[in-house]
Amino acid sequence: MKKTLLSGMRPTGPMHLGHLLGALANWTQLQEKYDCYYMVADWHALMSEYADPSAMPDCIHEMVADWIASGVDPKKAVIFRQSDVKEHLELYMILSLIVPLPWLERCPTYKEQLREVKGRDLTTYGFLGYPVLQAADIILYKAAAVPIGIDQVPHLELTREIVRRFNGMYKEIFPEPEALLTKVPKLLGADRRKMSKSYKNFIALGETPDVIGKKVLSMITDPERIKLSDKGHPDICNVFSYYKVFKPDMEGEVKDWCENAKLGCIDCKKRLSEALAEYLKPFCKKRQDLLKDRGYIDKILKQGAEKASSVTSKTIGEVYKAMGIR
Ligand code: TRP
């Protein structure tokens, strides 16, 4: 029997190259080895986007299209929307009974977000409970493995602590999940910061060749290479790091252009844009086909929610029984 795995993403903006190479490539591989549940974490998105959630339905639709276009297969993995499966909120509430406030207040991601996120008031009751809902997501399926990026590790640690507390207080019904750390390839945004929705420095998966061209042109290269005749240092150039990932067969050639001042940065960028557009072409085609048929994605989510619910309704029954409240 395969082990169960669960992961989720918040629908808060377009999926970009960072997601494709990090999470999605990994999700696609993992679906062969595990019973996978891939969740649209719309309640989690609302915890920060509550003031204006009107873009969320379209965002969810596009996110699921991006997942499927990149290789996540609804025949192999259960794709569902968190708010369609009521037991997530139910278990979230139950866990909130037993989670001490200081566990949440000292969570490093919580403190960081309060400090860093601008333009949203995150000092709410709901946002403090973010990791409790995440724990409910994971343990409802008794997931053994949770693929996540390094930034999510504190949430998995908290999940494990919550599991130990629940099991100790009532009855051993939940396994402690393990993190499967996703290696994120070194791909920085146009401004050389981490590629991220909040920095607006990303190349989205559905980007047209035109926009790819503009974004690549804005990328920072070797700041010491001012004229074409200056010799460049590819190892500090962001454009070069993209070649390495998306067009590895050109790596040697590009290095030579740069180090020996044979091609200017603008031309080098133009060629990268072409290569990138070519790389994304099959993906974009599939994505567009999927987006044409709104009913298809709705159907995938409906079927996913049914499968997910068949598991979660059983778990919640066990929870009530373990606690002795029914
Ligand atoms: N917090 C995760 C993120 O922002 C999303 C998420 C919600 C999640 N529930 C989850 C990830 C359960 C793994 C497991 O990336």
Closest non-hydrogen contact found for C268 with V239 is SG-CG1, 4.3 Å
Would a 4.5 Å heavy-atom cut-off, applied to side chains only, mark F166 and M323 as touching?
yes
Just to verify, what does N238 make a side chain to side chain contact (heavy atoms under 4.5 Å, CB included) with, not counting sequence neighbours?
L188, R192, M219, S241, Y242
Shortest non-hydrogen separation from P11 to M56 and the atoms involved
O-CG, 3.7 Å
N/O donor-acceptor pair under 3.5 Å between T4 side chain and A143 backbone
no
Check the orientation of Y130 and H44. Use parallel for under 30°, tilted for 30 to 60°, and perpendicular for over 60°.
tilted
Rounded to the nearest 0.5 Å, what's the gap from CG on D267 to CG on L263? Could you check?
5.0 Å
Please determine whether a side-chain nitrogen of the Lys or Arg among E62 and R287 lies less than 4.0 Å from a carboxylate oxygen of the Asp or Glu.
yes
Ring-face cation of R271 near W257 (centre distance under 6.0 Å, axis angle within 45°)
yes
Whether E306 and K302 form a salt bridge (side-chain N of Lys/Arg under 4.0 Å from carboxylate O of Asp/Glu) is what I want to check.
yes
Do W67 and I297 make a side-chain contact, defined as non-hydrogen atoms from C-beta onward lying under 4.5 Å apart?
no
Check the pair Y279 / E274 against side chain to side chain contact (heavy atoms under 4.5 Å, CB included), numbers first and verdict last.
CA-CA 9 Å; Y279 181 96; E274 282 158 22; over 6 Å; no
Suppose we screen for salt bridge (charged side-chain N to carboxylate O under 4.0 Å, His left out). Which residues come up paired with D235, at least two apart in sequence or across chains?
none
Should the pair K227-D230 be classified as a salt bridge under the 4.0 Å nitrogen-to-oxygen rule?
yes
In terms of heavy-atom contacts, S229 and A261 come closest through O-CB, 3.6 Å
Where do A65 and L290 come nearest, in terms of heavy atoms and distance?
O-CD1, 3.5 Å
Under a single-linkage definition using a 4.5 Å side-chain heavy-atom cutoff for Ile, Leu, Val, Met, Phe, Trp and Tyr, are Y92 and V319 assigned to the same hydrophobic cluster?
yes
Minimal heavy-atom distance between H19 and P14, with the atoms involved, is CE1-O, 4.0 Å
Under 3.5 Å, is there a donor on one side chain and an acceptor on the other for D210 and T208?
no
Would you check if there is a donor-acceptor pair between the side chains of D137 and Q82 at a distance under 3.5 Å?
yes
Can a cation-pi geometry be assigned to R165 and W103, taking NZ or CZ under 6.0 Å from the six-membered ring centre and within 45° of the ring axis?
yes
Quick one: are K215 and V211 in side-chain contact, heavy atoms under 4.5 Å?
yes
Contact check, side chains of L104 and F127, non-hydrogen atoms, under 4.5 Å:
no
Can you tell me how far the NZ atom of K231 sits from the CG atom of D222, to the nearest 0.5 Å?
13.5 Å
Are D42 and S83 close enough that a side-chain donor and a side-chain acceptor fall under 3.5 Å?
yes
Check whether any side-chain heavy atom of D35 sits under 4.5 Å from a side-chain heavy atom of K3, and report yes or no.
no
Measure from NZ or CZ of K307 to the centre of the six-membered ring of Y37 and say whether it is under 6.0 Å with the direction within 45° of the ring axis.
no
Do W27 and M9 have side-chain heavy atoms sitting under 4.5 Å apart?
yes
Going hydrophobic residue to hydrophobic residue with side-chain gaps under 4.5 angstrom, can you get from V99 over to L97?
yes
Measure the shortest side-chain to side-chain distance between K76 and E32 over non-hydrogen atoms and say whether it is less than 4.5 angstrom.
yes
If hydrophobic clusters are built by linking Ile, Leu, Val, Met, Phe, Trp and Tyr wherever their side-chain heavy atoms come under 4.5 Å apart, do L228 and V254 end up in the same one?
no
Considering only heavy atoms from C-beta outward, does the side chain of L95 approach that of L133 to under 4.5 Å?
no
Under the side chain to side chain contact (heavy atoms under 4.5 Å, CB included) rule, collect the residues that match up with Y320, sequence neighbours excluded.
E90, I94, I316, I325, R326
Any residue meeting side chain to side chain contact (heavy atoms under 4.5 Å, CB included) with E176, in chain and number order, not counting sequence neighbours
R160, V163, R164
Would L180 and M39 show up in the same hydrophobic cluster when neighbours are defined by side-chain heavy atoms closer than 4.5 Å?
yes
Does K200 NZ have over 12 foreign heavy atoms under 6.0 Å away?
no
Quick one: do I139 and I173 satisfy side chain to side chain contact (heavy atoms under 4.5 Å, CB included)? Show the steps, please.
CA-CA 9 Å; I139 70 178; I173 62 174; over 6 Å; no
In this structure, would M195 and I236 fall into the same cluster of hydrophobic residues linked by side-chain contacts under 4.5 Å?
no
Transitive ILVMFWY cluster of I266 at side-chain heavy atoms under 4.5 Å: who else is in it?
L217
Rounded distance [0.5 Å steps], CD in Q134 versus CD1 in I162:
10.0 Å
Salt-bridge test for R294 and D58: reply yes if a basic N is under 4.0 Å from a carboxylate O, no otherwise.
yes
NZ/NE/NH1/NH2 to OD/OE distance under 4.0 Å, E105 and K111
no
Just to verify, what does T109 make a side chain to side chain contact (heavy atoms under 4.5 Å, CB included) with, not counting sequence neighbours?
C107, P154, H155
Classify the ring geometry between H88 and F80 as parallel (under 30°), tilted (30 to 60°) or perpendicular (over 60°).
tilted
